[in-house]
Structures are given as structure tokens and as C-alpha cells.
Q: 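Structure in C-alpha cells, see below.
We use all heavy atoms of the structure for the numbers below, so side chains are in, but hydrogens, waters and symmetry mates are not. We count ligands from 1, going down the list as the structure has it; atoms in each ligand are counted the same way.
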Amino acid sequence: MWQRGRMHASFPVDVDLALVGGGGAASLVLAALDRHGVTGLRVAVVDPVHKRGQDRTWAFWGLPGDDLDPLLSASWSQVDVVTPAGRRVLTLDPLRYAMLRSAPVYDRAAEAEQRLDAVRISAPAGDLHDDGERVVVRDPDGRDLVRAGWVLDSRPRRPKRPGRTSWLQHFRGWWLAADRPTFDPQRAVLMDFRTPQPQRGVSFGYVLPVDDRFALVEYTEFGPALLDDSGYDAALRGYADLLGLDLSALRVREVEDGVIPMTDGPFESRPSPRVVRLGTAGGATRPSTGFTFSAMMRQADQVARALAAGRPPVPAPAYPGRHLWMDAVALRALDRGHVGGVEFFERLFDRNPPERVLRFLDGVTSPAEDLAVMRSSPLLPMTGAVLGDAAGRLRARLRR
Ligand SMILES: Cc1cc2nc3c(=O)[nH]c(=O)nc-3n(C[C@H](O)[C@H](O)[C@H](O)COP(=O)(O)OP(=O)(O)OC[C@H]3O[C@@H](n4cnc5c(N)ncnc54)[C@H](O)[C@@H]3O)c2cc1C
């Protein structure tokens, strides 16, 4: 185990705030602390890995003009949603779809860490002991590493209880480089459902062009089971064919793989008085889509604002309860075959203005807008899923 940053005598390190897990959620918190000019706060980051470089690409939508804008690789005010029935060009104004690679985010977090004079402990954390006044972070052998006023814990973990539906969003992307103009940098493809659909689940491809010669082309599935290595490559080759790309004339510069949970199993965001869970572990992953970044950004900002004002760093829940219920119903409808995935997303995008859909997926729509979104889904199958979900909840409650 080793440490860097602020000098101190010995373990445990005494701090006001410990970030346990230093990935996406923690990096956004560090950047937000810097943005809100928080000073004098003693911070420690505990993670066996110091995240650096390119290990993921975040795509998300939002209003332009925040302090991450200079870090974006690209952004688009129009995106395409494609189904076998046709191509829709969605104008997102006032929002925009944006692409942020992990390297500049981790660099931004490292700068913030330095300015905050944070202590970095490159060791895995084990149990957390919260006595209501302070939290002791132990290593897996039970040695005390940190004593903190508050802990923000973003280590990956399973939901508190298994979901009634547990799917995965799993994907492979190729960063493709061309020698001549090949991609349209003005338009990203948000979802392209012309890919062959799996027996259970839904698949789509997408394209995020950085310029006319460099783009991320990705194949994604929502479903219960992963593919093997050759399965992802074959699916990507098939999608490249659909796009009319000549792979023999392109170089695969990087490969990006990922698996994100899509489940109605509950993620506990406040396991004890002074421990707050963030990121996927804290429920920031939207169950119906796997999108996580916007909720992590929102919560990081709330945490930093609270600390700047001398308040506890407790953000609002990542999504309203009614959205989690709607997602549970949607996941059930898709999983039990009440509704086809392509039909579900086609109706969502065809019967709502794009801004409403995107704000809904971010969890920030009003109840009236939510009703409009619900009305756009097929009534009978969704009613079946609502009833099935209610029965599932009742059975689970009786078992408990
Ligand atoms: C390849 C990929 C692409 C994605 N793209 C998007 C996207 O386009 N849009 C979107 O909204 N979401 C996306 N996501 C989902 C989500 O935004 C990311 O997974 C995000 O990084 C989640 O942040 P996190 O902090 O919860 O987890 P992570 O970033 O995974 O961080 C968890 C950290 O915990 C650390 N850790 C593990 N065990 C311990 C331990 N015992 N002690 C201390 N630390 C520990 C790990 O080393 C890691 O640094 C993507 C995910 C992946 C994997």
C-alpha cells in the first residue's frame, strides 16, 4: 500500500471526506469541488488503481456551457434514431449530445486532487465502520486506513436485493480511423435498430464521429446474457456493413468493451448515517437504458455545493421513485416479451419531442411529462407489465 499527496504521520489518515473508489463518480466529485472553490477540506481518495488514460467514452446530453465543455471530444445538436421503418433526425436544441473520453476527465480529477492537497491511498478498501460521528475505512485485512467525517463510496457492488428483472447493457465499440473523409461529423447516430435483434432483448448500433476520419462505432445489446468475443466482433462487422463502411480501408485504433447493469434491484444510496454511495453503486445507472453519466454529474454538483456551504454531502436520489417504477415496468415488458424492443423505442421517439425523451431518460421530467411519455407506450402490453410488476412486488414483500 502506498500514498501520495498531503504528508501525514501514519495510518489512519484523518480527513473530512474520503472518496472510496476513484473512478467516474469520484472524478466528477473532485472536479466539482474544484469548480465550487472548496478549500480547506481534508480529502482522501482510496482506490488500488489510479485511473488514468482512456478506458471508456461517456456519451450524454445536456445544456452546453458547463466547465467540462473544453474537455469534450465532440458534440452534436442533431442525432439520428434509425429503425427498419426509417431514419429520424432529432434536433436537440437547447440540449446537445456530447462525447467525453475518460482521459481528460481523469486528468481534470488529478488536477483537482492536487489543488485540494488530497491524500491518495493506493490500496483496496474493505469494510466501513460508521459510528454516526466518523467513519473508519479499513483495508481487507482489517487495518484502519482512514478516519473520515463522511465517506462517498463508489466501489462497484450488486443491488441490495436481486431485481425482478436483471438485464445487462453490454457492448463493444471500435474506434475507426480512415485515410479519407468517411463519417459525417455534424451528426451522431444515437440508436440504430436495424441490427439483427436477439431472441430475448434488444440490440442497436451507434456512431459517434469526432471528425470525418475518426469515429466510435459501437454495437450494444440490452438483454440477460453476454456474447462471447467473436460474437461482438461479428455483430460489429455486421453493423459496419449496414453503414456501408469498408473495413478493409479502415484501422481499428482502439476497442472499447463494457457491461452495465440494467435492473430494478434496489441500489442502496445511504447504507449508514455518514456513508453515501455514488455512481452505479449508488443507483446512478438508469435501469431502462444504462445511461449513468448525467446523474453522476448532477450528484457530484450537489455534493460539492453542499460541502461549499458547510452542509452534509448528501445528494438527492439519482432518479425519482416514479421513474424507477416506470423503468421496472418497461424492463419487465421487454423481458417477458410483452413488447418488442424496437417497437418500444420507436414509439418513444416518434410520439414525444426529443427534448422530452432525453429529459425523461435523465430523470428530470415533471409528472405531467411522465404521463405523456407513458401514453406513448403500447397500452395493453404495458398494462400487463404493470400488473405483473405489482404482483412481483407483492410476492417479494410477502417472502421478506
Ligand atoms: C466502457 C464503458 C462505457 C460507458 N459509457 C457510458 C456512456 O456513454 N454514458 C453513460 O451515461 N454511462 C456510461 N457508462 C456507465 C457509467 O457511466 C460508467 O461505468 C462510470 O464509470 C461509473 O462510474 P462509477 O464511479 O460508478 O464506477 P467506476 O468508474 O467503475 O469506478 C469504480 C472505482 O472503484 C474502484 N474500486 C473497486 N474496488 C475497490 C476497493 N475495494 N477499494 C477502493 N476502490 C475500489 C475501481 O478501481 C474504480 O476506480 C459506461 C461504462 C463503461 C464500462
Q: Applying a heavy-atom cut-off of 4.0 Å, say which part of V46 lies close to ligand 1: side chain, backbone, both or neither.
A: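 Within the 4.0 Å criterion, V46 contacts ligand 1 through backbone atoms alone.
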
Q: Hey, does M296 sit under 4.0 Å from ligand 1 if you only count heavy atoms?
A: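 Heavy atoms of M296 do come under 4.0 Å of ligand 1.
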
Q: Could you tell me whether Y106 and ligand 1 have an N or O pair separated by under 3.5 Å?
A: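 No; the residue has no nitrogen or oxygen that sits under 3.5 Å from a nitrogen or oxygen of the ligand.
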
Q: Looking at N352, L190, V373, which one forms a side-chain contact (heavy atoms from CB on, under 4.5 Å) with V357?
A: N352

Q: Which class fits the ring pair Y97 and F291: parallel under 30°, tilted 30 to 60°, perpendicular over 60°?
A: perpendicular

Q: Starting from atom 31 (O) of ligand 1, find the nearest protein heavy-atom neighbour and note its residue, name and distance.
A: G23 CA, 3.3 Å

Q: Quick one: closest heavy-atom pair of D153 and R157, and the distance?
A: OD2-NH2, 3.6 Å

Q: Do any nitrogen or oxygen atoms of T280 lie less than 3.5 angstrom from nitrogen or oxygen atoms of ligand 1?
A: yes

Q: Can you tell which part of W61 has a heavy atom less than 4.0 Å from ligand 1: side chain, backbone, both or neither?
A: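 The answer is neither.
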
Q: Should R56 be counted as touching ligand 1, given the test is an N or O pair under 3.5 Å?
A: yes

Q: List the closest protein heavy-atom neighbour of atom 39 (C) of ligand 1: residue, atom name, distance to the nearest 0.1 Å.
A: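 That would be R155 CG, 3.5 Å.
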
Q: Just by distance, with hydrogens left out, do Y106 and D55 show a side-chain donor and acceptor under 3.5 Å apart?
A: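 Per modelled atom types, Y106 and D55 side chains form a pair under 3.5 Å.
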
Q: Quick one: nearest non-hydrogen protein atom to atom 12 (N) of ligand 1, plus distance?
A: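 Looking only at protein heavy atoms, the one closest to atom 12 (N) of ligand 1 is T292 N, 3.7 Å.
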
Q: Can you report which non-hydrogen protein atom sits closest to atom 1 (C) of ligand 1, along with the distance?
A: D257 O, 3.3 Å

Q: Which residue from V259, L145, T57, I260 reaches closest to atom 5 (N) of ligand 1 through any of its heavy atoms?
A: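 Minimum heavy-atom distance to atom 5 (N) of ligand 1 goes to T57.
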
Q: Under a 4.5 Å cut-off applied to non-hydrogen side-chain atoms, are S102 and K51 in contact?
A: no

Q: If you measure every N or O of P124 against every N or O of ligand 1, does any of those distances drop under 3.5 Å?
A: no

Q: Ring of F214, cation from R253 - is the NZ or CZ under 6.0 Å from the centre and inside 45° of the axis?
A: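 Yes - R253 lies over the ring of F214, closer than 6.0 Å to its centre and within 45° of its axis.
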
Q: Could you identify the single nearest non-hydrogen protein atom to atom 42 (N) of ligand 1 and state the distance to 0.1 Å?
A: A125 N, 2.8 Å

Q: As an exercise, identify every atom of ligand 1 less than 4.0 angstrom from a heavy atom of P48.
A: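 Reading through ligand 1 atom by atom, the close ones are 42 (N), 43 (C), 44 (N), 45 (C).
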
Q: Please determine whether residues V207 and F171 belong to a single hydrophobic cluster, defined as Ile, Leu, Val, Met, Phe, Trp and Tyr linked transitively by side-chain heavy-atom distances below 4.5 Å.
A: no

Q: Enumerate the atoms of ligand 1 whose separation from the nearest heavy atom of K51 is less than 4.0 angstrom.
A: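 Heavy-atom distances to K51 below 4.0 Å select 48 (C), 49 (O).
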
Q: For atom 47 (O) of ligand 1, which of D139, L278, L208, D47 has the closest heavy atom?
A: D47

Q: Do the side chains of D229 and R172 get close enough for a salt bridge, i.e. N-O under 4.0 angstrom?
A: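 Result for this pair is yes, salt bridge flagged.
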
Q: For atom 32 (C) of ligand 1, what is the nearest protein heavy atom, given as residue, atom name and distance?
A: S154 O, 3.5 Å

Q: Check this for me, if you would: do R88 and D350 make a salt bridge, where the nitrogen-to-carboxylate-oxygen distance has to be below 4.0 angstrom?
A: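 Yes, this pair counts.
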
Q: Out of A25, S122, G258, who gets a non-hydrogen atom closest to atom 25 (O) of ligand 1?
A: A25

Q: Under 4.5 Å between side-chain heavy atoms, hopping through other hydrophobics if needed: is there a path connecting F60 to L63?
A: no

Q: Can an N or O of F293 be found at a distance shorter than 3.5 Å from an N or O of ligand 1?
A: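 Yes; the residue has a nitrogen or oxygen that sits under 3.5 Å from a nitrogen or oxygen of the ligand.
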
Q: Look at D335 together with R164 and state whether they make a salt bridge at an N to O cut-off of under 4.0 Å.
A: no

Q: Within ligand 1, which atoms have a heavy atom of G279 less than 4.0 Å away?
A: 26 (O)

Q: Going by the order shown, which atoms of ligand 1 are within less than 4.0 Å of some heavy atom of G21?
A: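 Ligand 1 atoms under the 4.0 Å threshold to G21: 34 (O), 35 (C), 43 (C), 44 (N).
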
Q: When you compare the side chains of T165 and R336, does any donor N or O come within less than 3.5 Å of an acceptor on the partner?
A: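 Yes, side-chain donor-acceptor contact under 3.5 Å.
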
Q: Parallel under 30°, tilted from 30 to 60°, perpendicular over 60°: which one fits the rings of H170 and Y232?
A: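 Judged by the thresholds at 30° and 60°, the geometry between H170 and Y232 is perpendicular.
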
Q: Nearest heavy atom to atom 52 (C) of ligand 1: which of W58, F291, F171 does it belong to?
A: F171

Q: What part of P156 sits under 4.0 Å from ligand 1 if we count only heavy atoms: the side chain, the backbone, both or neither?
A: side chain

Q: Here's one to test your reading of the geometry: is the NZ or CZ of R286 within 45 degrees of the ring axis of F360 and under 6.0 Å from its centre?
A: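 Yes, R286 and F360 form such a contact.
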
Q: For atom 29 (O) of ligand 1, what is the closest protein heavy atom, and at what distance to 0.1 Å?
A: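 Closest protein heavy atom to atom 29 (O) of ligand 1: G24 N, 2.8 Å.
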
Q: I need the nearest protein heavy-atom contact for atom 8 (O) of ligand 1: residue, atom name and distance, please.
A: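 Minimum-distance protein heavy atom for atom 8 (O) of ligand 1 reads A59 N, 2.7 Å.
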
Q: Side chains of D93 and S77: any donor to acceptor distance under 3.5 Å?
A: no

Q: Is there a polar contact between ligand 1 and E256, counting only N or O atoms under 3.5 Å apart?
A: no

